[in-house]
Amino acid sequence: MDSHEDFEEAARKLFDEAESLADKERFEDAIALYTRAGELFEKTGNKNELGECNYNKGHCLEILGCHEEAITSYDIAAELYIDSEDRAVCHYKKGLTFEELQFYEEAITSYDIAAGFFSNDDDKAKCYLCKGAALAELQRYAETIDLYDSTADIDIDDDSKALCFFNKGYSLFELQRYNEAIASFDIAAGFCLENDHKARCFFNKGRALYELQCYEEAIASFDIGADIDLDGDYKADFLFNKGRALHELQRYEDAINSHDIAAHIYSDNYDKAVCFFNKGSALCGLQRYEEAIASFDIGAEFYSDDKNKADCHFYKGLSYFNLDKPEESRLAYKKAYELYGSAADQRATEGITNIVNEMKCRAMQAKAMLRAKIGSILEVSALLDDPVKKLEQLKDNKLAASAYHSMGKILLDDTSLKGKGLEFLHKAINRCLDCIDGLPEDCTENDVAKELAPHLETWRLAVKEHLERNEPAVALIISDHVRSMYIQKKQPGARVYFTKALEEKDSSEAMRDLRATIFEKMPPEIAAISFFPLGGKSVCVFFIHAREVRTEIIESDIFLESLSMSQNDEKKRIEKIMTMLDSFASVAVPKITTLVPDSVKNLIFIPYGILHILPLGAMKMGKGHVLDRFVTSYAPSLSILKRCLSYDKKPDREKNESAETWDFTAMFPGNAYDPVMARPEAEYLTSFFSGSGRKGKIERIVSTDSFEKARSRVLHYSGHSSTIGIHTGKDSIIPREDIEKNCDFTWAWLVYLSSCQSSLIRPGHTDEFNTLSSVFLIKGARAVAGTLWNTNDFIAMVFSSRFYANLKSGMDYAKAMQEAQIWMKNPSNEKDHRAKANEILNDGGVKSMLNMAGKKESYCRGLESLPGNQKNRSESEALTLEKRLFNYVDHGGFTQDILEFSSWAQFTLSGVWNEGLPAEFFRKETNRSFFSRLFGRKQ
């Protein structure tokens, strides 16, 4: 072969023979001929045909499982091809091969390159679909969903659309967005042409419904899928999952039937084993324990791994226990313990342990020994020594805590082993604390909450057990520590104090500690009530009074309630709060009436969880409310109350402080979105202070440094809570994290947050810290006033002025708050309400600020917060703001609005309750505002 044509002809002949061999699935022979053909095409300089040889060679290599060599061939082909479409196919196939190797990042890159070369939308869509699958494998589900959303907009065939929505549904499922996943699977089913594809949609829809606990709907979905003509294991999957849903509905007979059919169809022993295990569980539900034991035995035979075999023996032991066959039960648990141990050894290299299950086995074995009367209590307790030694050596605190919890919970059920069970719960609590101590110093309250969440049941069980042992002081300390975990982590010595309380043989020492730290500061006229959920509807009420702790258990579904934090419909939200409050009051108030003697004048509420969003002082009592009978205040936890009481009330101004401390500072944001009354409120309230040469001032808040500049005994903030940390991170001008990290408020006796939701807690986090008010308490302020929901700016200003007037008359913080709320909610005070409002509006400084609001764009943007106003009015209309406020007071809804529950019930006082402000702080003149004094005008 000397000529170009001869080489070309020979190469073509070899290429055709290679294709024929490939069609006959003789791939190795085909690869050899493609290689020889390529060598000849290379001599002719025919790059395109050489590319074709390498592409086909890559395809054969891929079929043979030689993925890396296939990728090399596709790369060479892509370089040689002239046509962009041919190059695109190479990169697409390369991406598929990378996926086979589980090199998903490389696959994504290849799909992106292929999509760039393809000109046809259908081909591009195939790239996007495959890229989405690779992203899902990397658990980048949000990106997967976005990609499929954009792909669905492309004009593609129905099969591709079906795959697009199916894969999107899968990603939504993995993100636990089950409702959206269901919708996506429904759309996918509508596009599916193949029966097995349609069945797959119904299968995954059923899984999502199962996760939503919509078991009836899940069963219906599994039934639809199973009715499609399917063969083998896939049909069994529908029946198996249907059986699980039936089990959840306690339709045990139907569940057993479903698992039996699935077990008969499945070809894989593991799948058969799971069916028999679940069938055994259903038989236990019917108390058919003998049949359950037989089913667990079959499951153990089919399982090949020790862990699952151990599960079968564990539940077999439980069945024997329920049949009152303690010796057989003990032997089954012993076998399970051994299998869990060997499974842990076998899988140690994977970082997997079965130690929690081992501990459960040992605990149940101990109970079975006692029931079988094998050995004394000491001998039975000694049986637990070996697993305890394992746990003591275990470095994984989270795992150890779970294991101790499991043992403790099991042993508490046996009267003879309760003491041992409680000991294990204490060990679990200490390991939980080790988890939290291991968090970095700059951790947030959300980090602590996430670490604590799996262990909350341990704390509840410990509280219940100490209550049953008549040790209310220890129960109180445990319940308080878990609600203030974040601050306990930040407070030196808190762990030592708590651990000491747990180690007490009885509650006497814990009681003495409480007396020394809390009760000494609580005279007989003061009492505190702490609430703590014990699980289900049971709520423990701790009554703390006269150096003693008493407890009562009430039944309320309050902790089973949920309340959306959405602000889209504030009216409905407050109506829901009122309903919840009335429901809780119906069981709580009778207990309060019983527990609290007539000598008590002040009541401190220590809420927990969802109770933090309820104004407990506004609970109905007789013909009025709790706050009519008691001066009420709040403490996020006893630990924070203790902290507030420990602050030095009046440090010497010159000797103890490097910077000058003012008497009063009113702060406002001064930005474009201020509430319209923020600056007028700051101006008006300053007129109460600056007496006897002391100083009062107004400051604009722009950063955390503004607080140090404000440095005052009384710090009053008027503005949106979003400005100073009601949100976290970038949503606030000054995020709560920055306040906590950088600010010190030990100079503040009182902080008043006249802003929306400043005392609102988000239930589900560590209780006391996830609120703006508590940040100030923890950072040194002795008392903080705030609100539980969104405020009417003008009414909030009227309330705060009454509060400060009460302080000026000599009342303490809590009494001043109580009197202002009673004054506001009393219909007989209508004339007084209107007079107070007109007094504010006639103040020269307020008038000036309202006129300024009408002239400055930055203030005009806040007008929508007032009744009857709209955003961005013209300057001429804005100038009538003062007049419209007068109309609101004299002829509008002011007199009705101020009487509303939503107006007076929202205000709270947290921290120190029985302190006030010295008389010299206040001006002796009547209502001469700071602004008026500045310009020399008299009222």
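Each residue takes its place number in the sequence, starting with 1.
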Counting only heavy atoms not in [X], do more than 12 fall under 6.0 Å of its [atom1]?
X    : atom1 : value
H59  : NE2   : no
K272 : NZ    : yes
E28  : CD    : no
E79  : CD    : no
Q287 : CD    : no
E68  : CD    : no

Candidates K94, K93, K57 - the one meeting salt bridge (charged side-chain N to carboxylate O under 4.0 Å, His left out) with D75:
K94

Side chain to side chain contact (heavy atoms under 4.5 Å, CB included) between F240 and N278: does it pass, once the steps are laid out?
CA-CA 9 Å; F240 170 77; N278 284 8; 3.3 Å; yes

Test E62 against Y74 for side chain to side chain contact (heavy atoms under 4.5 Å, CB included), laying out the working first.
CA-CA 10 Å; E62 187 181 350; Y74 290 138; 2.8 Å; yes

Please lay out, stage by stage, how R251 and I219 fare under the test side chain to side chain contact (heavy atoms under 4.5 Å, CB included).
CA-CA 12 Å; R251 291 166 57 183; I219 291 166; 4.1 Å; yes

Just verifying a value: how many Å separate [X] [atom1] and [Y] [atom2], rounded to the nearest 0.5 Å?
X    : Y    : atom1 : atom2 : answer
L209 : N179 : CG    : CG    : 8.5 Å
S304 : N269 : OG    : CG    : 8.0 Å
L101 : I71  : CG    : CD1   : 5.0 Å
R140 : E105 : CZ    : CD    : 5.0 Å
F302 : D268 : CZ    : CG    : 10.5 Å
Y55  : N48  : OH    : CG    : 13.5 Å

Check whether any side-chain N or O of [X] sits under 3.5 Å from a backbone N or O of [Y] as a donor-acceptor pair, and report yes or no.
X    : Y    : answer
S221 : E217 : no
N257 : E253 : no
S406 : S402 : yes
Y148 : L129 : yes
S110 : E106 : yes

Cationic N near anionic O, under 4.0 Å, E143 to K131:
no

Side-chain contact test, heavy atoms from C-beta onward, threshold under 4.5 Å: evaluate it for [X] versus [Y] and give yes or no.
X    : Y    : answer
L61  : F27  : no
N204 : F166 : yes
Q176 : E211 : no
T144 : N167 : no
M580 : I610 : yes
Y303 : V274 : yes
K279 : D260 : yes

Check the orientation of F222 and F203. Use parallel for under 30°, tilted for 30 to 60°, and perpendicular for over 60°.
tilted

Once the angle between the rings of F103 and F98 is folded into 0 to 90°, is it parallel (under 30°), tilted (30 to 60°) or perpendicular (over 60°)?
tilted

Looking at every non-hydrogen atom in both residues, tell me the closest pair between [X] and [Y] and how far apart they are.
X    : Y    : value
C312 : G299 : SG-C, 3.9 Å
Y92  : F118 : CB-CE1, 4.4 Å
C127 : A115 : SG-N, 3.7 Å
A300 : K309 : O-NZ, 2.6 Å
F185 : K205 : CD1-N, 3.7 Å
S119 : E85  : OG-OE2, 2.6 Å

Side-chain donor-acceptor pair present, E52, Y34, cut-off under 3.5 Å
no

In sequence, state the C-alpha distance, the side-chain angles, and the governing distance for F277 and Y315, and then conclude on ring pair (Phe, Tyr, Trp, His ring centres under 6.0 Å).
CA-CA 9 Å; F277 179 84; Y315 286 98; 5.6 Å; yes

Side chain to side chain contact (heavy atoms under 4.5 Å, CB included) for Y252 and L283? Distances and angles first, verdict last.
CA-CA 7 Å; Y252 298 122; L283 287 163; over 6 Å; no

Decide salt bridge (charged side-chain N to carboxylate O under 4.0 Å, His left out) for K307 and D311; before the verdict, give the C-alpha distance in whole Å, the side-chain angles of both, and the deciding distance to 0.1 Å.
CA-CA 6 Å; K307 191 272 176 189; D311 286 342; 2.8 Å; yes

Residues which pass ring-ring contact (aromatic ring centres under 6.0 Å, His included) with F173, listed by chain and number, not counting sequence neighbours:
Y178

Is the terminal nitrogen or CZ of R200 (NZ for Lys, CZ for Arg) located under 6.0 angstrom from the six-membered ring centre of Y234 and within 45° of that ring's axis?
yes

